[in-house]
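Scroll down for the structure; my scribbles are underneath it.
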Protein chains: 4
Amino acid sequence: MEEISTNDTLERKKAMIIKAAMEVFAQNGYAKGSIGDIAAKAEIGKATLYYYFDSKEALFMEAVKLAYQLFFENIEKQVASLVGFEARFRALVRIPIRYIYEHVPILFEARNSFPEAYLAELETLQEYGRQRMRNNIHRLFQEGLAEKKVDDRFSFEALSNVVHDWMMMAELNCDLHERQMIMQKLEKEQDLLIDLVLYGILKRG
Amino acid sequence: MEEISTNDTLERKKAMIIKAAMEVFAQNGYAKGSIGDIAAKAEIGKATLYYYFDSKEALFMEAVKLAYQLFFENIEKQVASLVGFEARFRALVRIPIRYIYEHVPILFEARNSFPEAYLAELETLQEYGRQRMRNNIHRLFQEGLAEKKVDDRFSFEALSNVVHDWMMMAELNCDLHERQMIMQKLEKEQDLLIDLVLYGILKRG
Amino acid sequence: MEEISTNDTLERKKAMIIKAAMEVFAQNGYAKGSIGDIAAKAEIGKATLYYYFDSKEALFMEAVKLAYQLFFENIEKQVASLVGFEARFRALVRIPIRYIYEHVPILFEARNSFPEAYLAELETLQEYGRQRMRNNIHRLFQEGLAEKKVDDRFSFEALSNVVHDWMMMAELNCDLHERQMIMQKLEKEQDLLIDLVLYGILKRG
Amino acid sequence: MEEISTNDTLERKKAMIIKAAMEVFAQNGYAKGSIGDIAAKAEIGKATLYYYFDSKEALFMEAVKLAYQLFFENIEKQVASLVGFEARFRALVRIPIRYIYEHVPILFEARNSFPEAYLAELETLQEYGRQRMRNNIHRLFQEGLAEKKVDDRFSFEALSNVVHDWMMMAELNCDLHERQMIMQKLEKEQDLLIDLVLYGILKRG
DNA sequence: GATGAATGAGTGTTCATTCAT
DNA sequence: GATGAATGAACACTCATTCAT
């Protein structure tokens, strides 16, 4: 019992540090996101941080895992709350953008200073994320088929892969300090984009 | 005459340094791409580098400009060598990917450590790039219209904006050290994506 | 208790670093007195020094404060140990010389590389020093008057101001770029000083 | 003839550089007064400066010599234009202040980075200055005596030495590493000075 | 005579990491 | 468990000086 509650406290503390790390890395990037800032945000000493995590890389890995988890929790909850293929498809395209926008470039940056060991772990994590995303998309397209909304010209596998991969892209050439405006712009553009994907641009002859 | 050849040598040296900088920044990112590494790659002393450039930021700006220039030279040359709307559209989508993939996340990262003055210059440069890209896309769609290939349901402006913005996104969650494979994967995926954009996913009827 | 002894150790270490800084700056001046030398003299790592002090400027400020403190402790102790106006006046003139000789030109030099924030603090410190010195001089002259040793031809205020300013060898708390004003002030004061040298301050009897 | 005019040009150029150096050193101090700034102010290339002068120290020496020369030219011209002991004494005290104020702390600072060879030359230069100043003072006091204005209680030699040394704001021509001796000398001289302040130098009548 | 180009040696400062307590 | 204190290694940047032309 005591063990459990102790472990609980420990895990809760770890979680707090990871959350702080996620915020600091999201704001400043990997290189500029310093251990000192994270410790300060978590309101602990720098050395304490090293009691819980082996290195900056290890902590970053945990922050990435947390971001992934929040991302999927959010997306799946929202998709579940909607009805019909089109509505769900739109949601599935829209929601990832902010997460991608905030976290992916940092992932990218981090890779450059990562030792092999962590790169492999990162890869594994990303493969897991890709799979989960693909599942979501796959399920959605099957619903679309059942609803007779989706053209059956394309294979499911390829289609969900492609949609997933493009979902993982984002408008990057923007000012980090003006995220709100960008987000609004992106969200408006998405409607057009989605129309484009839904109806295509070529004339039928 | 002598003046010209002297300036020429000087400019050639500057260009070499910028090239070295572009490579180092592309490989290591902005924060981890050190002046020392760049100087070593350019085979000059660190202090010499400061004879040619005022600061790391200034040098980075030049590296970004070079990447932009190479990007547009490449894309426009390739598009010009192809015939017909579809072929050109495919090229215009495919080629940017590698450049975006290599340079955009670094741009992102750099912003975090950039002083106001350089941010403004960066913005200007990006606006220029956006405009030039938009022009390419716009011209292409007009050709598509003339060829009666493109559906006229969408406004040109909106359409070229959207296509441009999505063109500026890229598959980021990949291993920087295995770019070749990723690039191949991306290029395969793009065909499917392009089909998708060209024909849409919804059944007509 | 433990708190106190811990703080004590910390403060003692800080004090050691400040002392080392004071010595290095006194020997080499501000620009040539390097952080590395100070750390070496204090037998700590350079980075450790930055654990205790924010910057070279901040450390220099502390060194100046220490010099001031030692200066006044010394001068006031010695004056207190003597009897009679003449003896005390001699002491009050003699003692400052060494401190001025050792520290003032360095203060001067430092101003050139100091940011605004520290200049203001320096000003405050110097104003405090001026006041404390003026008090010492004023008290002494009142004693001299009481002893009927000092000629009452000069006003106390003006006299102690002038003696103080000249004792400080030059008005230092001035903007290097506003030398004209300072020069005018000094030149006015000089008349009083010259009277003093020409006629002396002691009553003839 | 041609030789002479060439030498003339050469000397004129040297003089321009020295003037620039004097100004830069006066403004920024020795350490912060950079060769680059001086070359820019003299409107020549940095390398050209090294064609005319061996090193920063050598150039500084010349700047000091120039300051000395201007100082004496100025002071002697002004004293000569005045009549009577008191007027001349006032001038002799007033004029040095600006020069001292502007140049002495820099001299001080420079010693710290000077190699032996230049320190000796500096010493020589200062000894020359001292002598010339002493002569001026000596002459003045003889006039004062002749005018029966000056009290004969003080020896000429001692008096003019003391006045000179104090005018120099502090005995500078000393080895920083042998401060003890200097301090002792100053402390002895102070007694004379203090007598002077206490009793004045003018005869009562 | 004049200098553009080049640099080695050094500066102040940062930061992930360790260790004694 | 927790941390204050300490640091090595690195970084961007400066500057007096040199050298080929």
Side-chain angles (χ1 to χ4, degrees), chain A residues 6 9-10 13-14 31-39 43-60 113, chain B residues 2-3 6-7 9-10 13-14 31-39 42-60 113, chain C residues 2-3 6-7 9-10 13-14 31-39 42-60 113, chain D residues 6 9-10 13-14 31-39 43-60 113:
Chain A
T6 301
T9 312
L10 196 145
K13 194 145 205 170
K14 262 185 120 162
K32 283 272 167 187
S34 81
I35 289 288
D37 288 351
I38 294 168
E43 293 177 326
I44 58 167
K46 267 197 304 182
T48 308
L49 196 151
Y50 276 88
Y51 176 74
Y52 288 99
F53 301 94
D54 283 348
S55 64
K56 194 186 185 186
E57 287 106 344
L59 179 54
F60 181 74
S113 358
Chain B
E2 220 178 305
E3 270 294 309
T6 302
N7 276 343
T9 311
L10 198 146
K13 193 144 207 169
K14 251 186 129 164
K32 284 274 168 184
S34 84
I35 289 288
D37 289 351
I38 295 168
E43 292 178 323
I44 57 169
K46 260 196 310 181
T48 308
L49 195 151
Y50 278 90
Y51 178 74
Y52 287 95
F53 301 93
D54 283 346
S55 62
K56 193 186 185 186
E57 287 108 344
L59 179 54
F60 181 73
S113 359
Chain C
E2 222 180 303
E3 270 294 310
T6 301
N7 277 343
T9 312
L10 198 146
K13 193 142 208 171
K14 252 186 128 162
K32 283 273 169 185
S34 85
I35 289 288
D37 289 350
I38 295 168
E43 292 178 324
I44 58 170
K46 261 197 309 178
T48 308
L49 194 151
Y50 276 89
Y51 179 74
Y52 288 96
F53 301 94
D54 283 346
S55 63
K56 194 186 186 186
E57 287 108 343
L59 179 55
F60 181 73
S113 359
Chain D
T6 301
T9 312
L10 195 145
K13 195 147 207 170
K14 259 185 125 163
K32 284 271 167 185
S34 81
I35 289 288
D37 289 350
I38 294 167
E43 293 177 325
I44 57 167
K46 268 198 301 181
T48 309
L49 195 151
Y50 276 88
Y51 176 75
Y52 288 98
F53 301 94
D54 283 347
S55 64
K56 194 186 185 186
E57 288 105 343
L59 179 55
F60 181 74
S113 356

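Because only heavy atoms are used, hydrogens play no part in the values below, and waters and symmetry mates are left out as well, while side chains stay in. All values derive from a computational prediction rather than experimental measurement. So you know, we letter chains A, B, ... as the sequences are listed, proteins then strands, and number each from 1.
At the phosphate of E:dA5, OP1 or OP2 sits under 4.0 Å from a side-chain N or O atom of B:Tyr51. An OP1 or OP2 oxygen of F:dT14 is reached within less than 4.0 angstrom by no side-chain nitrogen or oxygen of D:Lys32. For the OP1/OP2 pair of E:dA6 and a distance below 4.0 Å, the side-chain nitrogens and oxygens of D:Lys46 include no atom meeting the criterion. Contact between the side-chain N/O atoms of C:Tyr50 and the OP1/OP2 oxygens of E:dT14 is not found at any separation under 4.0 Å. Checking the phosphate oxygens (OP1, OP2) of F:dT3, a side-chain nitrogen or oxygen of A:Thr48 falls inside 4.0 Å.
Comparing E:dA6, F:dA16, F:dG4 by their closest approach to the side chain of C:Leu10 singles out F:dG4. Listed nucleotides F:dT17, F:dC19, F:dT3 differ in distance to D:Ala47; the shortest reach to its side chain belongs to F:dC19. Checked against E:dT3, F:dT7, F:dG1, the side chain of D:Ile44 finds its nearest nucleotide in E:dT3.
A distance-only check finds no donor-acceptor pair linking the side chain of A:Lys32 to the backbone of B:Ala31 [under 3.5 Å].
With the nearest nucleotide of DNA chain E identified for both B:Tyr52 and C:Ser55, B:Tyr52 has the one nearer the 5' end. If C:Lys13 and B:Gly33 are placed on DNA chain F by their nearest nucleotide, the residue sitting closer to the 5' end is C:Lys13.
Put simply, NZ on C:Lys13 and CG on C:Leu49 are 11.0 Å apart, with the number rounded to the nearest 0.5 Å. Atom CD1 of residue B:Ile35 and atom NZ of residue B:Lys46 lie 9.0 Å apart, to the nearest 0.5 angstrom.
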Intermediate values then yes/no, side-chain contact (heavy atoms from CB on, under 4.5 Å), C:Leu10 and C:Tyr52:
CA-CA 9 Å; C:Leu10 198 146; C:Tyr52 288 96; 4.0 Å; yes
